[in-house]
Amino acid sequence: MADFRVRFAPSPTGYLHVGGARTALFNWLFARRQGGTFILRIEDTDVDRSRPELTEAVLEALKWLELDWDEGPYFQSQRLESYRALAQQLRQSGHAYPCFCPPEELEQRRQAAEKRGKPWKYDGRCRRLSPQEAAARQDQPHALRFRVPEGGQTAFEDLVYGRVAVAHEEIEDFVLLRSDALPTYHLGVVADDLEMRITHVIRGADHLSNTPKQILLYQALERPAPLFAHVPLILGPDRTRLSKRHGATSVTAYRDDGFLPEAFRNFLALLGWSPGDDTERMPTRELIRRFSLQQVSRTNAVFDHSKLEWFNAGYLRHQPLEEILPYVEQELRRRGLWQAEWGGAGRDWFARAVDLLRPRVHLLTDFSRWARAFFTDQFDYDQAAIQKFLQHERLAELLPTLREELAGLKEWSHDEIEKAVRGVAERAGVKAALLINASRVGLTGQGVAPPLFETMELLGQATVVSRLQRLIDSLPGLIRSV
RNA sequence: GGCGCCAUGGUGCAACGGUUAGCACGGCAGUCUUUCAAGCUGCAGAUCCGGGUUCGAUUCCCGGUGGCGCUACCA
């Protein structure tokens with residue numbers, strides 16, 4: 001296996017959003033597919049905007065996504081000497097020069113130019129300083145700029161976008177080292193990708209236009225550049241860049257909302273990539289097996305929340321039951337609904353409950369909200385359900401009968417329960433649905449729940465009888481007073 | 001403004017010169033039914049516009065339009 005080395009290099013200036021998560025996923029899939037190495041690097045050289053707790057948040061998000069890294073995390077803030085050494089090398093070889101222009105002045109000139117509708121580019125004022133002059137001003141504050149070649153262009157072959165070329169005329173002498181001696185992005189990535197022997201740079205297409213700058217750096221250093229694969233951006237529903245406005249910012253919000261990491265990965269993988277045919281549901285194993293940069297699209301994609309939900313519901317429904325039990329357990333624990341016995345003697349009961357519920361669940365949080373009554377006696381009757389199923393005038397008379405009938409059952413099984421319920425209805429001359437629907441509300445608090453007889457069987461005779469009694473007792477207060 | 005990239009139904013993807021332009025999500029309708037899902041069946045819905053090249057363009061080329069990105073001593 002070729003020793004492919006890729007990296008995910010977020011900067012801790014914000015949470016890990018879906019765009020970053022997708023970039024991380026593609027890098028990870030590529031590494032796992034190729035038997036390569038996936039490296040995590042934190043680009044925290046912007047001391048003003050980087051926050052340590054955000055690094056933690058990013059790591060937490062990656063862990064939730066189960067994108068495990070083989071090396072790192074490396075921190076750029078701990079590797080500053082490397083960048084300075086490289087900068088020094090560039091300066092000595094004449095590829096970089098000190099710039100004494102005050103940032104505020106540059107900013108003013110840029111804005112003035114923009115105002116007049118003129119394209120602004122650093123005019124290379126300090127580029128022409130003689131070595132003697134530069135040396136004489138050495139103790140004045142200065143940045144280090146890269147000396148972009150005068151004519152021609154720089155091109156590279158992107159693994160996704162194909163050949164991309166930018167004329168040197170369009171590239172200004174960009175800063176490598178700021179006047180506080182911290183590296184800028186371009187110097188940092190190149191230095192690190194070099195030192196970490198990165199073979200494939202897989203990152204967002206927002207870096208496409210700037211890649212020639214980095215190629216130029218590799219050339220100046222006389223080192224081979226890695227291969228580049230830019231991936232299209234993920235947009236919000238309004239086709240603009242994803243931001244806080246579009247709801248969940250951090251991918252951990254999706255965890256909190258009740259999504260399964262595997263479903264999330266599956267959905268994310270299909271944003272900007274396809275296996276080449278119409279296959280959609282692909283467990284991670286298959287994602288790894290089929291992933292290829294050649295199938296990455298060049299078109300920005302819109303994040304479709306309802307499709308994500310569809311994936312999640314599908315995984316909840318179709319994964320082997322054993323695999324989703326831990327997630328449901330976690331959800332119940334988080335809501336304080338977990339009973340210790342379900343981890344032991346009651347494991348089987350818990351599994352049956354989850355299995356009964358999962359066909360109509362979309363999110364893990366549905367287990368603790370919608371299906372709450374399956375795990376605790378503390379639940380309310382849903383208002384819409386009350387109006388829809390508890391208003392029939394004969395319920396006050398029939399429910400006690402039903403409760404008696406069920407309480408007297410010798411064998412508590414689906415079929416016996418069904419026989420009993422239908423028997424009461426028949427003798428009373430009403431449709432079984434009347435009792436079934438009312439009972440469902442009484443037992444689950446919901447108008448929508450799993451089939452009733454299975455539900456009763458699962459909940460057990462004692463619980464069913466006492467919940468029916470509770471319903472009977474509260475019925476007068478639930479009747480619409482007209 | 002300049003430069004770069006992109007352009008298939010509302011959304012995500014297929015079709016890499018020849019198909020009645022396919023699949024999925026979502027929508028609508030039917031079916032099933034014990035509520036609601038699921039399942040099954042069906043319906044509506046797309047090649048941005050204009051020129052070329054070609055026997056033939058969704059596909060290749062050019063122009064336009066639109067979107068996005070870059071244009072910082074941010075990354």
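Predicted, not measured: the structure shown is a model, and the values here were computed from it. By convention in this document, chain letters (A, B, ...) are assigned in the order of the sequence lines, proteins followed by strands, and residues within each chain are numbered from 1.
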Distance between [atom1] atoms of [N] and [M] (Å, rounded):
N: G27(B); M: U20(B); atom1: P; answer: 32 Å
N: C74(B); M: U47(B); atom1: P; answer: 46 Å
N: A29(B); M: A14(B); atom1: P; answer: 32 Å
N: G50(B); M: G9(B); atom1: P; answer: 16 Å
N: A72(B); M: U65(B); atom1: P; answer: 25 Å
N: A46(B); M: C40(B); atom1: P; answer: 25 Å
N: C60(B); M: G66(B); atom1: C1'; answer: 22 Å
N: G51(B); M: A57(B); atom1: P; answer: 12 Å

With a 4.0 Å cut-off on heavy atoms, is [X] in touch with a base, just the backbone sugar-phosphate, or nothing at all?
X: R116(A); result: nothing
X: G272(A); result: sugar-phosphate
X: P450(A); result: base
X: A313(A); result: nothing
X: F389(A); result: sugar-phosphate
X: Q446(A); result: nothing
X: G204(A); result: nothing
X: A432(A); result: nothing
X: E170(A); result: sugar-phosphate
X: H207(A); result: base
X: L452(A); result: base

Strictly by Watson-Crick or wobble contacts shorter than 3.5 Å, is anything paired with [N], and which nucleotide is it?
N: G18(B); result: C55(B)
N: G50(B); result: C62(B)
N: A24(B); result: U11(B)
N: G67(B); result: C5(B)
N: A38(B); result: none
N: C74(B); result: none
N: G45(B); result: none

Should the pair [X]-[Y] be classified as a salt bridge under the 4.0 Å nitrogen-to-oxygen rule?
X: E418(A); Y: R422(A); value: yes
X: R289(A); Y: E286(A); value: yes
X: E43(A); Y: R7(A); value: no
X: D123(A); Y: R109(A); value: yes
X: E172(A); Y: R127(A); value: no
X: R49(A); Y: D46(A); value: yes
X: R147(A); Y: D173(A); value: no

Proximal nucleotide (of [options]) relative to the [X] side chain:
X: K307(A); options: A7(B), G12(B), A75(B); answer: G12(B)
X: A433(A); options: U34(B), U11(B), A24(B); answer: U34(B)
X: D278(A); options: A72(B), C23(B), G69(B); answer: C23(B)
X: L106(A); options: G1(B), C73(B), U34(B); answer: C73(B)
X: R145(A); options: U11(B), C73(B), A72(B); answer: C73(B)
X: I436(A); options: U34(B), C13(B), C73(B); answer: U34(B)
X: S274(A); options: A14(B), C5(B), A72(B); answer: A14(B)
X: Y161(A); options: C23(B), A38(B), C5(B); answer: C5(B)
X: R110(A); options: G2(B), U11(B), A72(B); answer: A72(B)
X: N300(A); options: C36(B), C5(B), C68(B); answer: C68(B)

Rounded to whole Å, please give me the gap between [atom1] in [X] and [atom2] in [N].
X: L233(A); N: C6(B); atom1: CG; atom2: C1'; result: 11 Å
X: L208(A); N: G69(B); atom1: CG; atom2: C1'; result: 8 Å
X: L287(A); N: C13(B); atom1: CG; atom2: C1'; result: 14 Å
X: H318(A); N: G39(B); atom1: NE2; atom2: P; result: 6 Å
X: K121(A); N: G4(B); atom1: NZ; atom2: P; result: 14 Å
X: L271(A); N: A24(B); atom1: CG; atom2: C1'; result: 13 Å
X: I234(A); N: G67(B); atom1: CD1; atom2: P; result: 21 Å
X: L187(A); N: A75(B); atom1: CG; atom2: P; result: 10 Å

Just to confirm, is there a sub-4.0 Å distance from OP1 or OP2 of G4(B) to any side-chain nitrogen or oxygen of R163(A)? no

Under 4.0 Å: is that the gap between some side-chain N or O of N210(A) and OP1 or OP2 of U71(B)? yes

Looking only at N and O atoms, is any donor in the side chain of [X] or the base of [N] less than 3.5 Å from an acceptor on the other one?
X: R49(A); N: C74(B); value: yes
X: D304(A); N: G12(B); value: no
X: R360(A); N: C36(B); value: yes
X: S179(A); N: C73(B); value: yes

Q108(A) and E104(A): side-chain donor and acceptor closer than 3.5 Å? no

Point-to-point distance, once rounded to the nearest 0.5 Å, from CZ of R358(A) to CG of L321(A): 5.0 Å

Residue closer to the 5' end of RNA chain B, P359(A) versus H142(A) (nearest nucleotide): P359(A)

Residue closer to the 5' end of RNA chain B, T45(A) versus D206(A) (nearest nucleotide): D206(A)

Among N437(A), L399(A), L478(A), side-chain contact (heavy atoms from CB on, under 4.5 Å) partner for L390(A): L478(A)

